[in-house]
2 protein chains.
Amino acid sequence: MDVSANKRRHDDAYVVGVDFGTLSARALVVRVSDGTEAGTAVSEFAHGVIDRELPADAGAGSGPTGTSGPARSSTSARSSTSARSSTSARSSRSARSSRSPRSSRSPRSSGPAGRDLPPDWALQDPGDYISALRSVVPAAIKDAGIDPGQVIGVATDFTASTCMPVLADASGTPLCQLPGLAERPHAYPKLWKHHAAQPQADRINAAAHERGEKWINRYGGKISSEWQFAKALQVLDEDPEIYQRADRWIEAADWIIWQLCGAETRNACTAGYKGIFQDGQYPSRDYLATLDPRFASFAADKLAHPISPLGGLAGRLTAAAAAVTGLPEGIAVAVGNVDAHVTVPAAGSCAPGTMVAIMGTSTCHVMNATQLAEVPGMCGVVDGGIVAGLWGYEAGQSGVGDIFAWFSRNGVPGQLADQARQRDVSLQEWLDRKAVEQPPGAHGLIALDWEGGNRSVLVDGRLSGVIVGLTLATTAPEIYRALLESTAFGTRLIIETFRDAGVPVTELVAAGGLIRSAPLMQIYADVLRRPISVIGSEQGPALGSAIHAAVAAGAYPDVPAASGAMGRLIRDVYRPNQASAAVYDELYAEYVRLHDYFGRGANQVMYRLRAIRDRALAGAPGGSL
Amino acid sequence: MDVSANKRRHDDAYVVGVDFGTLSARALVVRVSDGTEAGTAVSEFAHGVIDRELPADAGAGSGPTGTSGPARSSTSARSSTSARSSTSARSSRSARSSRSPRSSRSPRSSGPAGRDLPPDWALQDPGDYISALRSVVPAAIKDAGIDPGQVIGVATDFTASTCMPVLADASGTPLCQLPGLAERPHAYPKLWKHHAAQPQADRINAAAHERGEKWINRYGGKISSEWQFAKALQVLDEDPEIYQRADRWIEAADWIIWQLCGAETRNACTAGYKGIFQDGQYPSRDYLATLDPRFASFAADKLAHPISPLGGLAGRLTAAAAAVTGLPEGIAVAVGNVDAHVTVPAAGSCAPGTMVAIMGTSTCHVMNATQLAEVPGMCGVVDGGIVAGLWGYEAGQSGVGDIFAWFSRNGVPGQLADQARQRDVSLQEWLDRKAVEQPPGAHGLIALDWEGGNRSVLVDGRLSGVIVGLTLATTAPEIYRALLESTAFGTRLIIETFRDAGVPVTELVAAGGLIRSAPLMQIYADVLRRPISVIGSEQGPALGSAIHAAVAAGAYPDVPAASGAMGRLIRDVYRPNQASAAVYDELYAEYVRLHDYFGRGANQVMYRLRAIRDRALAGAPGGSL
């Protein structure tokens with residue numbers, strides 16, 4: 001290597017961030033010095049979400065040196081992110097969302113039989129993760145037009161809690177890749193949106209409150225069925241042999257790092273938010289024994305491992321992983337991370353009090369703070385959960401883009417779809433435009449944004465949506481606008497709840513696919529009465545991972561420093577219109593009144609409607625006979 | 001005339017009923033002996049509803065011997081009634097419906113200027129009524145294939161309150177037909193749905209309650225802006241010269257009789273329900289003076305006239321009217337009537353305690369009873385208002401078919417419309433089918449049927465629609481079903497309110513265009529927990545008028561007797577399913593809880609949303625600035 005090459009490497013070092021979403025993985029090549037995004041590539045997972053039956057070819061050995069089904073790969077320009085709802089926000093619906101529509105309509109089976117999966121199940125094939133790595137990293141390097149030798153580090157982020165049973169061997173082999181276990185559903189990774197462990201979550205919560213476990217208050221009083229403990233307990237309940245054979249129970253976020261550097265690590269983010277790791281420990285053996293005596297040693301046996309800080313160095317890229325990725329052997333591999341949380345540094349928003357709302361199918365609110373507080377209805381607060389040395393808070397709205405998409409599928413007359421087609425814009429873009437033709441309040445409507453339940457601050461998946469104020473003159477775009485507004489009101493209520501709990505939000509930053517809707521963003525600015533800054537990258541999670549890679553490689557002393565140099569934030573893109581804000585103040589007062597009436601027990605009509613529905617669908621007779 | 005012709009006339013006597021709706025008139029030729037419907041014809045009004053500007057050719061002299069614009073006429077088979085929402089039910093939306101969407105969105109002008117009409121106005125051209133007569137009666141006779149000489153009587157029913165200023169000359173010449181007055185909007189008939197007299201109605205109600213006028217309780221505590229007094233007071237306020245020149249202020253229901261028999265009459269139905277005629281008198285001079293000193297003699301000067309019982313003989317067909325209709329001069333002309341009320345004898349339902357629900361765009365509930373009671377929120381109770389000798393009760397739901405039509409226009413995705421087209425059925429028929437694919441309660445929804453305000457029992461046009469229980473799995477047909485059910489719940493609440501006031505409903509009969517929907521009718525039977533009988537004629541109002549003609553002609557001693565022989569009722573077509581009824585009991589309990597919460601003051605969010613809306617549309621700043 002000559003001197004000029006050395007110099008170029010020094011000045012022009014790059015890192016690679018890989019974002020593992022629900023349906024695809026995306027690699028981003030980023031210049032270390034200033035965060036310039038040089039190249040990207042995306043690849044869909046061959047098996048996507050496995051929620052009906054186990055595919056015939058899934059589960060076959062596919063570690064870094066194995067092979068699995070072909071991944072559909074595409075090299076694409078930076079604008080290639082998928083439309084509207086970002087993978088990031090979709091996959092970060094990790095907290096206690098309501099059970100999926102399909103599931104809540106069918107009595108849950110006690111477990112799968114054969115290759116068919118019961119309702120509520122959602123698995124993935126770990127082979128897909130490796131295939132994607134093999135595809136997207138070289139493609140992104142090629143897209144960037146750089147020499148792979150310029151890459152000094154790699155990092156990843158993942159959906160969470162996506163967790164799996166593995167062996168404690170050299171590469172943490174997933175059980176589903178063992179001979180004879182490919183047809184055992186519990187041997188596969190359970191995707192974040194696997195909702196079949198609700199009975200286990202109910203037991204976990206009941207026992208925690210009964211025993212007065214203090215950690216439960218770090219999670220707004222409720223552990224989600226989506227998280228590590230509920231999913232592991234389901235395995236124990238339904239396939240104890242698989243539970244038994246699992247040496248380790250690990251987040252995919254950490255498993256992928258194991259594949260890259262050849263060593264198990266446990267990152268502070270998933271351990272805290274999804275693994276109930278608080279104040280240096282997991283839930284006690286005594287507590288776990290009350291759930292099931294066989295579960296008493298779950299944390300000690302299958303989870304316990306030193307916790308690594310975010311941005312830390314997990315290890316060095318192995319020869320096998322170098323072969324898969326085409327990156328230089330020995331470069332830095334960062335500790336694993338979660339897509340939502342890693343977006344904070346990508347948005348240059350590590351400062352305490354800056355809340356980042358990752359707005360997609362659902363919205364995830366993440367924020368650093370110097371103080372520890374128990375915010376009602378938050379998803380979790382974790383020491384170093386976003387950035388080492390600060391308390392990381394997470395809250396969420398279970399339905400946001402989901403609600404808009406539901407409405408555009410189910411509530412929009414054909415002529416609006418025709419108009420959109422004629423103008424060659426998407427239906428939602430057309431609805432966005434039509435929705436804001438009238439001034440705020442002109443629709444005379446107020447809606448509650450609970451079509452997907454309420455995550456924060458009520459933490460109640462049994463709640464449902466409401467629209468008030470319909471008249472014979474009400475139009476579909478007006479209802480659509482009321483739904484847009486309802487999610488803004490939900491965000492305002494979360495921010496006010498944080499404030500009231502002593503954790504004020506001083507700045508608000510938006511990320512995720514929904515930031516493409518200027519009408520929606522303006523509504524948020526007006527409703528929240530504050531300017532909204534917007535992330536300057538369309539690849540938030542992958543950029544965030546790249547920032548972690550740079551820190552792990554030693555290019556920056558810590559994540560905030562790297563974030564300051566490499567993160568992208570466009571400040572105050574949307575500023576509140578005072579006249580609109582005044583109208584929204586009035587509408588928000590109505591929202592709060594209805595929120596409390598329907599959500600805090602005054603009228604539990606939503607519970608009863610749900611019970612009537614479930615009975616009706618189960619064919620049971622009405623209750624009054 | 002030979003003996004055989006005489007005998008044929010005796011055995012095969014016929015009567016003609018003419019139903020004047022909102023957009024058209026329809027004649028029905030009916031055999032006196034058994035009510036057989038022999039022929040029919042319909043003709044649209046040339047000027048329809050005049051609600052934007054006065055047409056250039058309207059108002060020109062067009063009494064029985066005059067001519068006006070051409071009427072679009074069609075002779076048609078008995079099945080030619082227009083789709084879904086019946087003219088009958090649409091035109092009987094005579095009570096206090098909410099102000100129209102257009103109107104409530106624009107500040108009301110203090111009066112019209114030039115030929116342009118302000119929002120909320122709805123006029124008609126009386127020449128259209130005569131043109132329609134000239135068209136439909138001969139066409140129906142021709143369709144029946146009878147000799148006009150076989151017709152022994154004619155009767156009409158009309159929308160109400162449709163009222164107008166006329167001269168006290170031989171034929172009650174409408175002021176709009178006088179030279180120089182064709183361009184004065186207040187000289188025209190104000191159609192039932194003219195809603196621009198709300199300020200006058202407000203004054204009428206405030207003064208009545210202030211003075212403790214007893215008659216106000218016969219109207220559920222509120223006089224509608226649609227009725228005679230409010231509309232006349234608006235004329236006085238806005239065009240006092242027209243008010244001054246009006247010798248008489250008369251319902252179109254009575255004016256058309258004047259044209260037929262050459263003499264003014266006043267029928268008990270409109271006098272009672274629309275003219276505040278109670279216990280033998282109109283509101284007192286003292287009371288009227290408080291509204292405006294110039295209004296003190298309104299009742300005495302412009303209304304007062306002996307009241308004629310329904311089914312009574314108004315007079316004999318004049319030579320001029322015989323020329324117009326082609327009917328024999330001198331045959332019986334019955335006293336005028338209203339479309340909704342005249343449907344009661346058509347359905348063979350004159351018995352006390354039998355409620356007839358005329359279900360169309362809105363629903364009108366009419367019922368005879370032996371007792372006088374003040375039922376909360378009824379539209380009115382009138383001595384002999386439906387049948388002489390009984391108390392006639394009227395209640396209503398301001399939006400029913402209107403709501404279904406609104407939803408199918410605004411809330412149904414294109415693919416459902418496509419499916420309907422592929423199956424060659426109407427969208428609403430397809431929605432009906434899809435809606436009931438699932439068992440009751442399976443949608444998890446409850447709705448309030450107030451998209452058009454609430455007529456009975458809350459009497460509050462400022463209320464609006466609500467849907468509770470939406471999830472991301474909710475479909476358009478499910479929402480549609482919830483809307484169907486909401487109107488059934490509204491009817492149940494009305495029936496229970498009558499029962500609680502001491503006026504039990506012992507039988508329920510459905511009429512109007514919505515009876516064509518079997519799924520809807522079954523929902524009503526299940527929700528109401530009672531069998532539903534259905535009128536056996538598609539021409540309810542015209543058949544009812546024909547029955548009145550037969551009584552006026554002396555073929556029957558009274559309306560109930562004629563109704564028994566000529567009316568058409570199919571008993572117990574829909575019977576409640578007990579399992580469904582049990583589920584609906586639960587949903588109805590939720591309906592009542594939400595009805596009272598939103599409708600009885602606990603949360604006046606609907607008023608506030610309406611106020612915010614009106615301010616927003618008027619361009620006023622928000623209230624919080």
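Below, read A as the first sequence line, B as the second, and so on, with proteins coming before strands; counting in each chain starts at 1.
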Problem - Sub-4.5 Å side-chain heavy-atom contact between A:T471 and B:W406 - result: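 SC-SC contact between A:T471 and B:W406 ruled out.
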Handout entry: Residues that B:Y524 engages under ring-ring contact (aromatic ring centres under 6.0 Å, His included), provided they are two or more places apart
Key =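 For B:Y524, no residue satisfies ring-ring contact (aromatic ring centres under 6.0 Å, His included) once neighbours in sequence are set aside.
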Handout entry: B:R613 bridged to A:E478 by N-O distance under 4.0 Å
Key =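 Looking at B:R613 and A:E478, the cut-off is not met.
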Exercise for the section: State plainly whether the residues B:E590 and A:R608 are in salt-bridge range, i.e. N to O under 4.0 Å. Expected result: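 Judged by the 4.0 Å cut-off on N to carboxylate O distance, B:E590 and A:R608 do form a salt bridge.
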Practice task
Mind listing the closest non-hydrogen atom pair of B:A442 and A:A616 along with its distance?
Solution key: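 Here B:A442 and A:A616 meet closest at N-CB, 3.7 Å.
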Rounded distance [0.5 Å steps], [atom1] in [X] versus [atom2] in [Y]:
{"X": "B:L470", "Y": "A:E451", "atom1": "CG", "atom2": "CD", "value": "5.5 Å"}
{"X": "B:L472", "Y": "A:N410", "atom1": "CG", "atom2": "CG", "value": "9.5 Å"}
{"X": "A:Q438", "Y": "B:L617", "atom1": "CD", "atom2": "CG", "value": "5.5 Å"}
{"X": "A:L445", "Y": "B:M606", "atom1": "CG", "atom2": "CE", "value": "11.0 Å"}

Handout entry: Contact origin within B:V412 toward chain A - heavy atom pairs under 4.5 Å
Key =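 Contact with chain A is through the backbone of B:V412 alone.
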Handout entry: Portion of B:P440 that has a non-hydrogen atom of chain A nearer than 4.5 angstrom
Key =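 It is the backbone, since no side chain atom gets that close.
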Problem - Which of A:V605, A:I446, A:V466, A:L609 touches chain B most, by non-hydrogen pairs under 4.5 Å - result: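 Of the options given, most contacts go to A:L609.
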Exercise for the section: Quick one: which of A:S580, A:A476, A:P477, A:G411 has the most heavy-atom pairs under 4.5 Å with chain B, could you say? Expected result: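 Ranked by contacts with chain B, first place is A:G411.
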Handout entry: Interface residues of residues 414-424 of chain B facing chain A - non-hydrogen atoms under 4.5 Å apart
Key =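 Under the 4.5 Å heavy-atom cut-off, B:G414, B:Q415 qualify.
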Handout entry: Region of A:F407 in contact with chain B, defined by heavy-atom distances below 4.5 Å
Key =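 Neither part; nothing is under 4.5 Å.
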Practice task
Can you label the angle between the B:Y597 ring and the A:F598 ring as parallel, tilted or perpendicular, going by 30° and 60°?
Solution key: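 Rings of B:Y597 and A:F598: perpendicular, as their planes differ by over 60°.
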Practice task
Find the one option among B:N603, B:L448, B:I479, B:I403 whose heavy-atom pairs under 4.5 Å with chain A are most numerous.
Solution key: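 Of the candidates given, the most pairs with chain A belong to B:N603.
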Exercise for the section: Without swapping roles, check the side chain of B:W450 against the backbone of A:G469 for a donor-acceptor pair under 3.5 Å. Expected result: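 Checking the backbone N and O of A:G469 against the side chain of B:W450, no donor-acceptor pair under 3.5 Å is found.
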